[in-house]
Amino acid sequence: MPSPAKPGCGRRRPGPRGGNAAIQTHGTPSIPRRSRRRKSIAIAYEPGQGDGVEPQRPRWEPRDWREQLERIREMRRNRDAPVDEMGVQKCYDSSAPPQVMRYQVLLSLMLSSQTKDQVTSAAMLRLRQRGLTVDSVLQMDDATLGQIIYPVGFWRNKVKYIKQTTAILKQKYGGDIPSTVEELVQLPGVGPKMAHLAMDIAWDSVSGIAVDTHVHRITNRLKWVQKETKYPEETRVALEDWLPRDLWREINWLLVGFGQQTCLPVNPRCSQCLNQDICPAAKKH
């Protein structure tokens, strides 16, 4: 004889929708088993995001930055700032062999740190009059080099850095300069701003935004950084996070000249600035 069914158990038969339904036994209704499948949780997405993929957070952008940029371009239209006439891109011998030209670009960048463009340009002209090459600098004694580059800022340190860097270029790079930012910043006296400008001017390659004191100051005034930055390298990282890459090459030249003529470090000429109505810092001056 078949054994009596255990309480709560029973044979199953197909339900009306193809599922299984428990048959009552001993007059006690059975309790359907809980599905092992995890219940799907409805997630609300933004319009157009109903494909089940979590929406990406929109990239942060400064308020009014496109209009501010266009107005700065208008103010820089004449290209008559010191950087336009005596900047690094004007300091090297464009008729020199490419390797020599690149070396001169790097040297002018090293001299330009904490130095006005007019002073850097004059020092580079004196160096070029003596035939500015890797070999000529290595053959020059420190005292002579110092006399030539004086009065650039920190000229004594720069004499040391120039001689050390030039020796490395001769020994390790065959007299040329490195073609990567990583290698350039390993050279004595070469920082990130110089490296990115060297990549741009000497190698025609945009590796990042060159941030000097002008770019650092102005982008903080315009609130082009989400959070105020203390150092140029912090500013570079913050700008590269949102600024379209096709603008990276232009920003240094544009803002340096703007900083030399209008957005001065002390007593900026806000009354002459086309951005005075949309600049967060204009009302403070």
Side-chain angles (χ1 to χ4, degrees), residues 60 62 69 82-83 86-92 101-117 119-120 123-124 149 152-155 157-169 172-173 176-260 263 265:
W60 177 85
L69 178 63
V83 69
M86 291 167 283
V88 171
Q89 74 282 359
K90 299 284 187 178
C91 288
Y92 62 88
M101 179 272 291
R102 289 190 286 267
Y103 174 66
Q104 292 183 1
V105 168
L106 183 62
L107 237 61
S108 64
L109 287 167
M110 295 176 71
L111 293 175
S112 70
S113 176
Q114 303 293 310
T115 305
K116 291 183 179 297
D117 287 329
V119 177
T120 301
M124 282 296 296
I149 68 172
V152 299
F154 305 100
W155 63 273
N157 286 336
K158 289 177 181 178
V159 166
K160 179 178 65 175
Y161 294 145
I162 287 172
K163 294 300 285 287
Q164 290 175 345
T165 287
T166 304
I168 292 171
L169 298 181
K172 189 174 179 180
Y173 298 97
D176 208 339
I177 72 171
S179 58
T180 68
V181 170
E182 291 74 20
E183 291 174 294
L184 284 164
V185 295
Q186 296 300 315
L187 298 171
V190 178
K193 180 208 76 171
M194 300 180 206
H196 289 300
L197 282 175
M199 291 297 298
D200 180 13
I201 301 170
W203 292 109
D204 192 26
S205 174
V206 179
S207 57
I209 300 173
V211 177
D212 69 347
T213 55
H214 293 291
V215 178
H216 173 66
R217 176 181 73 255
I218 294 168
T219 53
N220 271 274
R221 284 179 176 175
L222 291 172
K223 303 297 184 186
W224 282 11
V225 290
Q226 256 186 303
K227 184 179 179 181
E228 184 177 359
T229 54
K230 293 184 179 181
Y231 306 105
E233 188 62 8
E234 287 182 297
T235 304
R236 180 190 66 80
V237 174
L239 289 174
E240 290 179 2
D241 188 54
W242 68 268
L243 189 69
R245 193 179 181 90
D246 60 352
L247 299 176
W248 289 9
R249 172 173 277 166
E250 178 187 21
I251 286 298
N252 179 269
W253 162 81
L254 200 63
L255 296 188
V256 169
F258 179 55
Q260 290 174 336
C263 198

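Keep in mind that the numbers below use all heavy atoms, side chains included, and drop hydrogens, waters and symmetry copies.
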Considering only heavy atoms from C-beta outward, does the side chain of [X] approach that of [Y] to under 4.5 Å?
{"X": "Leu169", "Y": "Pro178", "value": "yes"}
{"X": "Val215", "Y": "Leu239", "value": "yes"}
{"X": "Thr229", "Y": "Thr219", "value": "no"}
{"X": "Trp224", "Y": "Ile251", "value": "yes"}
{"X": "Val256", "Y": "His214", "value": "yes"}
{"X": "Val105", "Y": "Ile177", "value": "no"}
{"X": "Ser113", "Y": "Met194", "value": "yes"}
{"X": "Leu187", "Y": "Leu106", "value": "yes"}

Verdict with supporting geometry, Gln186 and Ile168, side-chain contact (heavy atoms from CB on, under 4.5 Å)
CA-CA 10 Å; Gln186 296 300 315; Ile168 292 171; over 6 Å; no
When you measure from the side chain of [X] to the backbone of [Y], do you find a donor-acceptor pair of N or O atoms at a distance under 3.5 Å?
{"X": "Lys223", "Y": "Pro62", "value": "no"}
{"X": "Gln89", "Y": "Ile201", "value": "no"}
{"X": "Arg245", "Y": "Val206", "value": "yes"}
{"X": "Asp200", "Y": "His196", "value": "no"}

[X] [atom1] to [Y] [atom2] distance, which is reported to the nearest 0.5 Å:
{"X": "Leu254", "Y": "Arg249", "atom1": "CG", "atom2": "CZ", "result": "14.5 Å"}
{"X": "Gln114", "Y": "Asn157", "atom1": "CD", "atom2": "CG", "result": "11.5 Å"}
{"X": "Lys90", "Y": "Ser108", "atom1": "NZ", "atom2": "OG", "result": "13.0 Å"}
{"X": "Thr115", "Y": "Lys158", "atom1": "OG1", "atom2": "NZ", "result": "3.0 Å"}
{"X": "Thr235", "Y": "Glu228", "atom1": "OG1", "atom2": "CD", "result": "9.5 Å"}
{"X": "Leu243", "Y": "Arg236", "atom1": "CG", "atom2": "CZ", "result": "13.0 Å"}

Taking all atoms of both residues into account, what is the closest heavy-atom pair of [X] and [Y], and its distance?
{"X": "Ala210", "Y": "Leu197", "value": "CB-CG, 3.5 Å"}
{"X": "Leu107", "Y": "Ile162", "value": "CD1-CG2, 4.0 Å"}
{"X": "Glu240", "Y": "Ile209", "value": "OE2-N, 2.8 Å"}
{"X": "Val181", "Y": "Ala195", "value": "CG1-CB, 4.0 Å"}
{"X": "Gln164", "Y": "Pro188", "value": "OE1-CB, 3.4 Å"}
{"X": "Ala123", "Y": "Val152", "value": "CB-CG1, 3.9 Å"}

Residues Gln226, Asp241; criterion side chain to side chain donor-acceptor pair (under 3.5 Å); working and verdict
CA-CA 10 Å; Gln226 256 186 303; Asp241 188 54; over 6 Å; no
Salt-bridged, Asp212 to Lys193, with N to O below 4.0 Å?
no
Give the C-alpha distance, both sets of side-chain angles, the deciding distance and a yes or no for side-chain contact (heavy atoms from CB on, under 4.5 Å) between Glu233 and Val211.
CA-CA 7 Å; Glu233 188 62 8; Val211 177; over 6 Å; no
